[in-house]
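Okay, structure first, notes after.
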Amino acid sequence: MAYNHQEIEKKWQQYWREHKTFKAENKFDLPKYYVLDMFPYPSGAGLHVGHPLGYIASDIYARYKRHQGFNVLHPMGYDAYGLPAEQYAIQTGTHPEITTGKNIKRYRQQLDQIGFSFDWDREVRTSDPAYYKWTQWTFIQLFKSWYNKKTDKAEPIADLIKQFENTGNAGVEAACDEVEIFTADQWKQMDEKQQQEMLMHYRLAYLSKTMVNWCPALGTVLANDEVKEGLSERGGHPVERKLMKQWSLRITAYAQRLLDGLEKVEWPDSLKEMQRNWIGRSEGASLSFQLADKDVAPEGIEVFTTRPDTLFGATFMVLAPEHELVEKITTPEQKEEVEAYTLWAKNRSERERMTEVKTVTGKFTGAYAVNPLTGKNVPIWVADYVLSGYGTGAIMAVPAHDSRDFAFARHFELPIIQVVAADAEGQREDPSQWDESYDAKEGVLINSGFLNGLSVKQAIRAAIDKLEEMKIGTGKINYRLRDAIFSRQRYWGEPFPIFYKEGMPYPLSEDELPLKLPEVDKYLPTETGEPPLARAKNWKTKEGYPLETNTMPGFAGSSAYYLRYMDPHNNKEYFSKEANQYWRNVDLYIGGDEHAAGHLIYSRFWNKFLFDLGLACEDEPFQKLINQGKIQGRSSFVYRVNIEKYAEYLLWEKMKHLENAKNVVHQYKDGRRKFDFYHPDKELIIEIKRRENLEKLKPYYEDYIKTTNKRLILIPAADIIENMDLTIAEITQVLEATDKGVIFNWGKVRDLKPLFVSKNIPDREKFSTPLHVDINMVDNDVLDTEAFKKWLPEFADAQFILEEGKYICGHEVEKMSKSKHNVQNPDDLIEKYGADTLRLYEMFLGPIEQDKPWDTKGIEGVSRFLKKMWRLYFTEDNVLQVTDEEAGEAERKVLHKTIKKIRSDIERFSFNTGVSAFMICVNELSDLKCHKREILKPLTILLEPYAPHFAEELWQKLGHTESISRVDFPEYNEKYLKEDSFAYPVSFNGKMRFKLALPVNMPKEEIEKAVLAAEEAQRWLEGKTVRKIIVVPKRIVNVVVG
RNA sequence: GCCUGAGUGGUGGAAUUGGUAGACACGUUGGACUUAAAAUCCAAUGAGCAUUGCGCUCGUGCGGGUUCAAGUCCCGCCUCAGGUACCA
């Protein structure tokens, strides 16, 4: 009995708490380091082993940085608003705050058990009024700001108003909705409401009627990143498009800066790429097509294209079904068809549209536009492959060079003109023979008037120049990114600090914040379909103006929490300037990549806005980011025997064995009827059934037999399984006899207990189905059959077909989930092995950024390692045996090699190899029987980031009275690592044959000689010529012979 | 379809710049200690061949290539995972 983890861990957790060991002071003279985890949503299920993975990694890094003298900010908090608590409230009436509070308590308990070095004094909760006051405050700032493209930043709306008053909006370059030009006088003549409406088109937080993702099941609107494949991310409910008046954030104003910022952060490439795709920048031109009949729509049709070079090949146009011109331009003859089509298209759900990507639909409007370069009339179609939300909702179709346009043209027999050819010869092909479009981004223009002979790149430039000259178009950059829909028709979220006066929204004054979430009688929409907040009594301002009833979405509170941690108790401002100047931004951020298109974009946007306001001093919030991989579950399976199939299988095997099989048809079919066996000579059908089915099916068989001359014997499955020989005898008897009809002996029917077959029993898959079994009853794939019987009442009298006396389970790697019975919660493991072992093991599993399956069986290895390390310090009787004797060369080499390795592994976030290095070190020190302070003291510090309780205890036992947490990290000394000789692997023609120890500083020529002279070399040299010798010092010798 | 990333023993994984493939650990097998079990310790453990010893051959998803030397670099595929999807 040596290392008592339970006692030690409790002791040090208490010490840290009492001494506030990990409190990060705003001590501005020390170098800072900010390590952050993505804060969790506290769900009711608590933590499973996957959650702490990233926290352990960041904790190791944070502790390592403290050892290097950094003032480390390593906070934790809770993303406390969320749908599950609200859904629970709807079902049970329990206030979400109560549920959330309970869950947070459990999370805290679990987190504390693992020994994280969080500064809990800085905890934030997004649902805490003291916190969301600043979420609301930021919203007001967004509301009061507009984006000036000239200065490329957000500016106060008050300044914009001044400009309107002085010069109107003509000179304003803003990221805004489409607005008409007005003069200063016109502005002044507008009434208050008109002015407010105009300003709404400019605000960064604005109210507008837009197409939103409406999820009827959740009763709320969702942002684009909350919708996955047409279903809600939470719950997987269908989502439909709906026009609604909603708050949005003008994140599109920041699209370019969000893209550019990616260049200067150290994030995984895949994540940056995901954000780039999400932002979706494309360069091209916007131009307008005039209608052939100008009177119908004098403004023409504006389109965006990335390929203005192909304009000569634009043979038709397509409008989205929602496009406002559709109704206007459709000719009377086409009206009926087009109306029917647009109605149909608008009512299709997102999901339908997605699953039917390949089907081509559309209608001709009857109208024509004029191709501005060719002057030819091109027909205007309406089709749902053009999206109203992207570009202008209208396109010029170039079927020869765009696959979708091509498919459309083929389907509706529209003309296809090739305008780009592969080579300079301008090779012409006949597009009518093509199977697909030629989507080339390189090539030479043909059939294109003044563009002929130019490369694609040159032609794009030339075409834009021409359009600008003709004043019908201009070069333009378009983004896929949409403004973020910010309203939720939900209770459990931040209330908007907004009230309405004559239908127009106004912000509350800042001294009225926080606007607290009111009590409601039910967490459901009102009878008239208004959000739950409409149920609150007196939900209005002091003056009696009604307050906004929507609440903010989940990402509101998480968008700037990292800033609040810098100064979490400040009730005068978001955070103080000094605190922000000092902590600046997050140096290391660890979390899952599921937030790539959500939180990680929103918070970058939010931060950039605060940067523009002069509040945040860094314009990128997260300097380095690591995505920790997911820990997948390792499910175990038992194989439940299908009694009928099994009996049938046994009987067939027996028949084959008795060589009766050739007389019998297995799985006999007569029309649509199927039978287990048929003996054609004797016209006997053999059917095997379970007890329940015997009764049910007997009349059915009798019916069948009546119409044929066949006989049928019904055999209870249990008979075969329990007494095969008797059954065979019975069948043989019936075969020889001449009984007619259905032969069946009721007297013998018995019940069979549930039966399970071990994994490697031959043909198991033929007669059994896998069933998830709780992984806690399985050890090393062996099922604890007694525990299994107790698991569920229906298995109480289960029986097993074993192999070598054991029941072996199958396994599969899947998502960790309750329903798969493969959830591993950390509490049990901590109880059994301790937090330090759990920490080491989670790191030991594999690279931090990789997904990996959880399997408890390896945990013994790290547990043994800690025990083995303990024995370097203590005797069998737990007496300290550390000596002050001077360490030998070998011991020093082990230590310094380990210091070097551990340092470099932590710095490159390779925590799994770090754990291996500790194991190697302890194995080697054990072999050397090393108990020397000179070695063990630095080793203790080295281990502290990984196994802090263990290290603290050893540190104290070594005679120290202060915590180990801020002791200098050991440095390695090259001089102990120097080797006099190196064992050269000697290869012949690239194959390693033997090793030869040679002095490190031996010159190449001498190494060659020594190798050729070596005894082991002779058999490889025999009868061969040495053609070349490659010597890489301290690496390898390769002899080329031939 | 497009964009990322990954494929190495029975398992998790290591090999950092092209230089001894399989570190470390689990599991398995054998042994020691023990009345017994647990714990601990020792040995073996990629596959195949040969086992009288030396050993030999193959081997990092598949097929080619570059190189004295390829898990690592290049070309072409296959499979899996994640993201995204009429984005003009």
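Within every chain, numbering begins at 1; the chains are lettered A, B, ... in the order of the sequence lines, protein sequences first and strands thereafter.
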Below 3.5 Å between N/O atoms, which protein atoms pair up with nucleotides 63-74 of chain B? Just atom names and distances, please.
| residue | atom | partner | partner atom | Å |
| --- | --- | --- | --- | --- |
| C68(B) | O2' | Asn1038(A) | ND2 | 3.1 |
| C68(B) | O2 | Asn1038(A) | ND2 | 2.7 |

What's touching nucleotides 25-29 of chain B from the protein side, N or O pairs under 3.5 Å?
| residue | atom | partner | partner atom | Å |
| --- | --- | --- | --- | --- |
| A25(B) | OP1 | Asn923(A) | ND2 | 3.0 |
| C26(B) | OP1 | Arg864(A) | NH1 | 2.4 |
| G27(B) | O3' | Asn780(A) | ND2 | 2.8 |
| U28(B) | OP1 | Asn780(A) | ND2 | 3.2 |

Each nucleotide N or O in nucleotides 44-46 of chain B that has a protein N or O under 3.5 Å away: list the pair and distance.
none

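- Between U84(B), U20(B), A14(B), one nucleotide has an atom nearer to the side chain of Asn912(A) than all others, and that is A14(B).
- Distance Arg410(A) CZ to C86(B) P: 24 Å, rounded to the nearest Å.
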N/O-N/O pairs, protein side and nucleotides 54-57 of chain B side, under 3.5 Å:
| residue | atom | partner | partner atom | Å |
| --- | --- | --- | --- | --- |
| U57(B) | OP2 | Arg993(A) | NH1 | 3.4 |

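- Side chain Lys901(A) to base U16(B): a donor-acceptor pair is found below 3.5 Å.
- The separation between Met843(A) atom CE and G13(B) atom P is 13 Å, rounded to whole Å.
- Residues Tyr479(A) and Thr252(A) bring no donor and acceptor atom of their side chains to less than 3.5 Å of each other.
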Short heteroatom pairs, N/O only, protein and nucleotides 80-82 of chain B, under 3.5 Å:
none

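- Side chain of Tyr390(A), nearest nucleotide from C87(B), G12(B), G19(B): C87(B).
- Per the geometry, OH belonging to Tyr479(A) stands 17 Å off C1' belonging to A88(B), to the nearest Å.
- The interatomic distance linking Arg1035(A) (CZ) with G18(B) (C1') rounds to 10 Å, in whole Å.
- With A15(B), A88(B), U4(B) as the candidates, the nucleotide lying closest to the side chain of Phe304(A) is A88(B).
- Between Asp225(A) and Arg482(A) there is no salt bridge, since no side-chain nitrogen of the basic residue lies less than 4.0 Å from a carboxylate oxygen of the acidic one.
- Lys893(A) pairs with exactly one of Glu924(A), Glu974(A), Glu979(A) by the salt bridge (charged side-chain N to carboxylate O under 4.0 Å, His left out) rule, that one being Glu979(A).
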Item checked: Under the 3.5 Å Watson-Crick or G-U criterion, the dot-bracket string of RNA chain B, with | for inter-strand pairs -> (((((((..(((......[....)))((((((.......))))))((((.....))))..(((((..]....))))))))))))....
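- The aromatic rings of Phe844(A) and Tyr841(A) sit tilted relative to each other, their planes meeting at an angle between 30° and 60°.
- For the pair Lys1034(A) NZ and U20(B) P, the interatomic distance rounds to 15 Å; values are reported in whole Å.
- Among the protein residues, Ser910(A) comes within range of no part of the nucleic acid, since none of its heavy atoms lies under 4.0 Å from any strand.
- The CG atom of Asp781(A) sits 10 Å away from the C1' atom of U11(B) (whole-angstrom rounding).
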